[in-house]
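What follows is a set of notes on a single structure, which appears directly below.
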Amino acid sequence: MSHIGIRTRRARGTLTAGIVAALAAGLITAAPAAQAVSDKPAAAGDHAFTAQLRIGEGDAMRGCSAALVHQQWLLTATSCFATAPGAEVKSGKPALKSRATLGKQTVDIVEVVPRDDRDVAMVRLAEPITAVKPVELAADAPEAGETLLGAGFGRTRTEWVPNQLHTGEFRVDSTTDTTVALTGQDGVSVCKGDAGGPALRRKGGEVELTAVHSRSWQGGCFGETETRTGAVDARVDGLAGWVKDVRNRDRSYSADIDGDGKADLVVLRSNGDVVVYRNQGDTFAPGRVMSGGWDLFVTWKDLGRLYFADVNGDRKADMLVHTKDGNIAVRTNHGTYFDQGKHWSGGWDRFIDGSDLGRLYFADVNGDGKADMLVHTKDGNIAVRTNRGTHWDQGTHWSGGWDHFLTWKDLGRLYFADVNGDRKADMLVHTKDGNIAVRTNRGTHWDQGTHWSGGWDHFIDGTELGTLKFGDATGDGKADMFVHTKDGRVAVRTNRGTYWDSGKVVITL
Ligand SMILES: [Ca+2]
Ligand SMILES: [Ca+2]
Ligand SMILES: [Ca+2]
Ligand SMILES: [Ca+2]
């Protein structure tokens, strides 16, 4: 079978359309578009979470379907985005210009995140769809004999490219860990243009997303002589956790990008864009892309990682690029962009994520307004290398005993920010028990510290509830706490001298 779409409902009527795909012998092989054969379109407004995708341009454009699972994300078939049947689809910006239509809204697709174990991908929209309620993912596996409702914008029996959603019933024949084999009932089939479209289970007056159309025989679809109506869908039941992780794997930073004294929110999107949300006091301005092409810096496992700190002392945070070859370049902030950068240091190839020789941090430790480099080595020591204008010096020892704070999986993690407002970065110790202590900068060391906050045991490394960042959001010189939860919300808790207050949500990313 080929990757096709499904169209459902029975055959007599119209066909819906789609775009072409080639199918090879056997069950389909083809290109991504599937469609369903149906005799009746879905009622207006039914399954409004189903999106029509157009991938590529001109004669090469093909259609697919998808389901909205979050206001800015769709679930669909990875194969829809292959440049040729069977070609690998990489995570990141789609190789071909791609758009999604939901109702009257058509939005560009800016990112594709494929799974590696099945024909399923998450797709990020350029902007959120707020008029349509996303569909929930099923928790339970499909069972042989149950009936699922297939939907898609693919061909029908009589139409090449229908503009209406069609649906039809499919019986579950069998399942594997990642797929479900289906047979269209009453002549219903998955056709080109349906690929990626939802297979839904009816539950208590609602529907839940159980699988997405992947391959089909396309029996009865417009232009096909095949009569078999079998299809293989890729299962998505149980993937709610993955969907959430994909949505929230952006990296966030707090740094004053515009130099007004208030920390802005910087987000490295998983598509490689560096997006700045300017702090406007009570709220953050809409995001503006300030740099791009950093998608291989999101996981820290590919090319390296980024940091944001003011290196040249003009109060505007610069971008530090720490590449896997061990070099650190400083890209100066010129207001609307970061420049091409200059080499500042080398030899740090084993300091990317703390799992090897150590970890680096950048903060102004000596109070001259220029970010110094903090080197946290595996032996637990922390040295401060002072910023000398074009490089960081050889450094001096400031603290020890932090060997279990490197990977964030052991005792906890450290942050550096000026909490007491003397312009010198203090050390924040976030232990696994959820407590945060502030160790004040005493010029050559940090003191023994005092307790500032508790209850943050699920915020250590971002895999659970979220992450914490520290930066001065209010402009009083004292670092506030940014709480970035996995649902995409960022709350700011204001520094009250000995604790951070209960804060408020200021932006949903
Ligand atoms: Ca600012
Ligand atoms: Ca700067
Ligand atoms: Ca400094
Ligand atoms: Ca301080």
Side-chain angles (χ1 to χ4, degrees), residues 253-255 300 304-311 317 320 322 326-328 330 344-388 391-433 435-453 456 459-462 467-472 478-479 481:
Y253 308 80
S254 69
W300 301 349
R305 66 181 290 185
L306 305 179
Y307 313 81
F308 295 88
D310 180 16
V311 176
L320 295 101
H322 180 181
N327 289 316
I328 295 171
V330 176
W344 269 58
S345 193
W348 304 103
D349 49 313
R350 299 177 69 185
F351 285 75
I352 299 272
D353 67 358
S355 62
D356 195 356
L357 292 188
R359 183 183 283 280
L360 305 179
Y361 313 81
F362 295 90
D364 181 15
V365 176
N366 66 353
D368 66 355
K370 298 174 186 173
D372 307 300
M373 178 197 270
L374 295 100
V375 181
H376 180 179
T377 41
K378 213 174 186 172
D379 58 8
N381 289 318
I382 295 172
V384 175
R385 293 182 171 229
T386 303
N387 181 326
R388 300 297 182 193
H391 67 282
W392 293 282
D393 68 17
Q394 285 308 300
T396 53
H397 174 83
W398 270 58
S399 192
W402 304 103
D403 47 318
H404 293 291
F405 287 75
L406 277 164
T407 64
W408 303 347
K409 293 185 193 316
D410 201 353
L411 293 187
R413 70 181 288 184
L414 306 177
Y415 316 81
F416 296 89
D418 180 16
V419 176
N420 66 351
D422 66 357
R423 300 178 165 270
K424 297 176 188 170
D426 307 300
M427 178 197 271
L428 295 100
V429 182
H430 181 179
T431 40
K432 251 207 159 150
D433 59 7
N435 289 317
I436 297 171
V438 176
R439 294 181 170 231
T440 303
N441 181 326
R442 299 297 181 194
T444 55
H445 66 283
W446 293 283
D447 68 17
Q448 285 308 300
T450 54
H451 174 84
W452 269 58
S453 192
W456 302 103
F459 287 81
I460 301 267
D461 67 359
T467 55
L468 305 180
K469 306 282 157 15
F470 295 89
D472 176 17
K478 298 175 187 169
M481 178 194 273

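Predicted, not measured: the structure shown is a model, and the values here were computed from it.
Here the CZ-CG distance, from Arg388 to Asp368, works out to 8.5 Å after rounding to the nearest 0.5 Å. Rounding to the nearest 0.5 angstrom, the gap separating the NE2 atom in His451 from the CG atom in Asn435 is 5.0 Å. Separating the CD1 atom in Ile436 from the CZ atom in Phe470 is a distance of 4.0 Å, to the nearest 0.5 Å.
Residues Asp418 and Asp426 share a closest heavy-atom pair of OD1-OD2, 3.2 Å. Heavy-atom minimum distance, Lys469 versus Thr467: NZ-OG1, 2.9 Å. For the pair Val375 and Phe351, the tightest heavy-atom approach, listed with the atom from each and the gap, is CG1-CE2, 3.8 Å. Closest approach of Trp398 and Gly443 over heavy atoms only: CZ2-O, 3.0 Å.
When the side chain to side chain contact (heavy atoms under 4.5 Å, CB included) test is applied to Asp349, no partner is found at least two apart in sequence or on another chain. Applying the side chain to side chain donor-acceptor pair (under 3.5 Å) rule to Trp456 yields the partners Ser453; only residues at least two apart in sequence or on another chain are considered. The side chain to side chain donor-acceptor pair (under 3.5 Å) search around Lys478 returns none, not counting sequence neighbours. Taking the side chain to side chain donor-acceptor pair (under 3.5 Å) definition, one finds that Trp300 meets it with nothing, sequence neighbours left out. In this structure Ser345 satisfies the side chain to side chain donor-acceptor pair (under 3.5 Å) test together with Trp348, sequence neighbours excluded.
The main-chain N or O of Asp353 is found under 3.5 Å from a side-chain atom of Arg359 such that the two form a donor-acceptor pair.
Ring geometry for His322 against Tyr307 counts as parallel: the plane angle stays under 30°, on a 0 to 90° scale with 60° as the upper cut.
A side chain to side chain contact (heavy atoms under 4.5 Å, CB included) with Trp392 holds for exactly one of Leu374, Asn387, Leu360, Thr386; it is Asn387.
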Hey, can you pull the donor-acceptor pairs under 3.5 Å for the side chains in residues 404-411, sequence neighbours left out?
residue: His404; atom: ND1; partner: Asp410; partner atom: OD2; Å: 2.3
residue: Thr407; atom: OG1; partner: Lys409; partner atom: N; Å: 3.2

